[in-house]
There are 4 protein chains.
Amino acid sequence: MTTTDERAEQRRRDIVDAAFKVFSSRGYHAAGIADIAAELGIGHGTFYRYFENKRDILVHVVAEAAERLMSVMVEDDPHRTATLTDYRQQTEHICTRLFTLFAEDRALTRLLFVEAIGADPEMTAMLQRIYEAMAVGTEQYLRNGVEKGFLRADLDTEITAKALNGMIIASGMSLLSAKDPIAERDRWIRAGIGVMFDGIRGERP
Amino acid sequence: MTTTDERAEQRRRDIVDAAFKVFSSRGYHAAGIADIAAELGIGHGTFYRYFENKRDILVHVVAEAAERLMSVMVEDDPHRTATLTDYRQQTEHICTRLFTLFAEDRALTRLLFVEAIGADPEMTAMLQRIYEAMAVGTEQYLRNGVEKGFLRADLDTEITAKALNGMIIASGMSLLSAKDPIAERDRWIRAGIGVMFDGIRGERP
Amino acid sequence: MTTTDERAEQRRRDIVDAAFKVFSSRGYHAAGIADIAAELGIGHGTFYRYFENKRDILVHVVAEAAERLMSVMVEDDPHRTATLTDYRQQTEHICTRLFTLFAEDRALTRLLFVEAIGADPEMTAMLQRIYEAMAVGTEQYLRNGVEKGFLRADLDTEITAKALNGMIIASGMSLLSAKDPIAERDRWIRAGIGVMFDGIRGERP
Amino acid sequence: MTTTDERAEQRRRDIVDAAFKVFSSRGYHAAGIADIAAELGIGHGTFYRYFENKRDILVHVVAEAAERLMSVMVEDDPHRTATLTDYRQQTEHICTRLFTLFAEDRALTRLLFVEAIGADPEMTAMLQRIYEAMAVGTEQYLRNGVEKGFLRADLDTEITAKALNGMIIASGMSLLSAKDPIAERDRWIRAGIGVMFDGIRGERP
DNA sequence: TATGAATGAGCTTTCATTCAT
DNA sequence: TATGAATGAAAGCTCATTCAT
């Protein structure tokens, strides 16, 4: 019967969700397996039927969080746009979705950008790979723009993608402690798009 | 006697340095007080004569590291420059110094951007304050540019400063795993300055 | 229905056999109920339908092993022999059968003389009773010899039986780590019989 | 100062002694580190300053117990005796000392012959090495007797030594559950020596 | 009858911190 | 002032046993 498998799969998801909650609130090191189990109202032995150990669940929690983040980033087609205006609008949509995610799901932001990062060397490496993947995603948009001719031809797409990524992460961190996240988000959208496209310098003669 | 105080002060510095080394290599949680003491060849009971506890030393280590970072950022006078060219050169100098610091002192980068960030809630708060301070520093440069008229008048200096900060931190993270940090640094300087000033879009008509 | 009972009885035997295998290879404490169930390809909940708990199965496994050992010891009739030569031959047969059992079924040897002995206080007591029973068996042969007059009249049959038992157990332990068990067994038969009957001292004048 | 080292050495010995007591009474697996610490009235963290882990202390406890046993066995010079009478007396002395040890220090007997034997595979191997060493010791006495001509020339000294060892161990086990250990010991001495030297058969014609 | 998901008692081990010397 | 032996809270993890299905 599939029911058993489905139930197991559901429980795995429940544990990942509970762990996500616990890790992002208490922090990875301060959190215990007992906290996760208590969050679900299950025995802590049950946890070990579904996950190898504490690190194992962290990997799954981070993987899922990263997937959610990535799915927001790659929702658009990098090759769709052909003009700067079009492209700018696409970027605005992506940023809106991302910053909204950050503003609404502070736990995710906290987990990915704060709690997981120094959990242990391998976790740090995993997050660096995630940042790298984000950058690769961003770079595709940039490449498309350079190829279509509406972005600077001399753009170092790799580094620039990482730099833009840094801005995105900074927005997440900033929204984390914002008093009015929605208002702050809107400022980030405007200001962020502004820097990205036009830079900071004044109007050219 | 001053000598005694001086000696004590020296020892405090030694401990901070040793802790810096240990935390940035092993990671905060994986590191033990015994490791720090061993690094200095002192008894680990001695540690507690100079610092309250493990968190206390982390605070000092992070504070010192942050100070080093800040000193590089504020070495220039934010109000000195009057033209865009001048300003761009100043920015290039600052970025060069910063990225060189990141490339040369990976331990500092690792400590500030990786190990300390999720150590515990208060540490996270402290680092957010540090990022905030960095942003405030950056903002002064931007304000000067806006006031002098060579930066966009409508610049949201606060958010933009944070965004640029994010780029700076991203460069640090990137250099952390770079194979050839010096070459990577130079790409970051060029590409970073490029995005900052001109944005990513192609030449205007 | 008898069929049901027979099936149940068969399953009990299967579980005892599987447990025997698992305990003698992994060791009692290192072995888990799950290992026994896995060996049989049954659910480990099923185990508890046939045996009370882990100790219960050990008792059964040890009892069965002890029975096999005892059956080899009592195969002969203690009262049959009337002369020393006859008796010596009988002893040789018994030793051959015993040592062959040890050489061929190392698992049994291991279980009885190694794994079960310190499993827990009650198990230790059970094994002491088993050793005692073996000694009682051995003593019957000695008594017969003393009565018939071909063994020393002053023999402390009880202690001597225990001592001979010790030799038998020592042979089992020795064969456990023997490279060539069959060859080693033959040496044990000869040397063992030699000590038993003649002792170690040289020819009498 | 040596005092510190001496104190540490004393504590190590104390822990070994306490562990010896606890292991031989509760049994290795049933005993916890906490029991050992409680026996000494020290914190259980202290235990780990002196021993790696639970297995480590068992190794030390068994090694010490084995050493005590061995020291009793090798107290005499295997090459000293030149006549059977002399030799028999020597053997009697050794057996007396051994059996007295068993009768008086049941904990040692229990530890070596019961608790440690199946603790884990490596422990089993260690004990087999100890039995082997005992056998090697015994064999030296036999070899001397064969060389000097008062023991049977055709003696398989290796196997015979193991067989005698088995008798010795059996005496230990027997004394473990004896009601009057001293009386039982004396019977073992007489009966044991009897079998060893003269075997069981009646007077020769 | 057979199952295996759930459980939690209970163990080993670590390490920040204390304090007598 | 410097030390490191002692400590015990606290955590991760295992596995025999139960019981609803």
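Per chain, numbering begins at 1; letters A, B, ... match sequence-line order.
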Judged by atom type as modelled, is there a donor-acceptor pair below 3.5 Å linking the side chain of B:Lys54 to the main-chain atoms of B:Tyr28?
yes

Is there a side-chain contact between B:Leu108 and B:Phe20 in this structure, where contact means two heavy atoms from C-beta onward sitting under 4.5 Å apart?
yes

Report the nucleotide, chosen from F:dA6, E:dT3, E:dT7, that has the shortest atom-to-atom distance to any side-chain atom of D:Thr46.
F:dA6

So, OP1 or OP2 of E:dA2: does either fall under 4.0 Å of a side-chain N or O from C:Arg11?
yes

Rounded distance (nearest 0.5 Å) linking atom OH of B:Tyr48 with atom CG of B:Asn53
7.0 Å

Side-chain contact, heavy-atom cut-off 4.5 Å: A:Ile36 with A:Phe23?
yes

Which residues pass the salt bridge (Lys or Arg N to Asp or Glu O under 4.0 Å) test with D:Glu64, not counting sequence neighbours?
none

Is A:Glu122 salt-bridged to A:Arg55, going by a charged N under 4.0 Å from an acidic O?
yes

In terms of the nearest nucleotide of DNA chain E, which residue is placed more toward the 5' end: D:Phe47 or C:Ile42?
C:Ile42

Using a cut-off of strictly less than 4.0 Å between a heavy atom of the residue and any atom of DNA chain F, enumerate the qualifying residues of residues 50-58 of chain C by number.
C:Asn53, C:Lys54

Check every atom of F:dA6, E:dT13, F:dT14 against the side chain of D:Tyr48 and return the nucleotide holding the closest atom.
E:dT13

Between D:Gly32 and B:Tyr28, just flag the one whose closest nucleotide in DNA chain E comes earlier from the 5' side.
D:Gly32

Verify the distance criterion only: is there a donor paired with an acceptor across the side chains of D:Gln10 and D:Arg13 at less than 3.5 Å?
yes

Just by modelled atom types, is the B:Gly172 backbone N or O under 3.5 Å from a matching donor or acceptor in the B:Thr109 side chain?
no

Between the side-chain atoms of C:His44 and the base atoms of E:dA2, is any donor-acceptor pair under 3.5 Å?
no

Ranking F:dT17, F:dG8, E:dA16 by distance to the side chain of B:Ile33, first place goes to E:dA16

Given Watson-Crick and G-U pairs under 3.5 Å, DNA chain E in dot-bracket ([ ] crossing, | other strand) is .||||||||||||||||||||

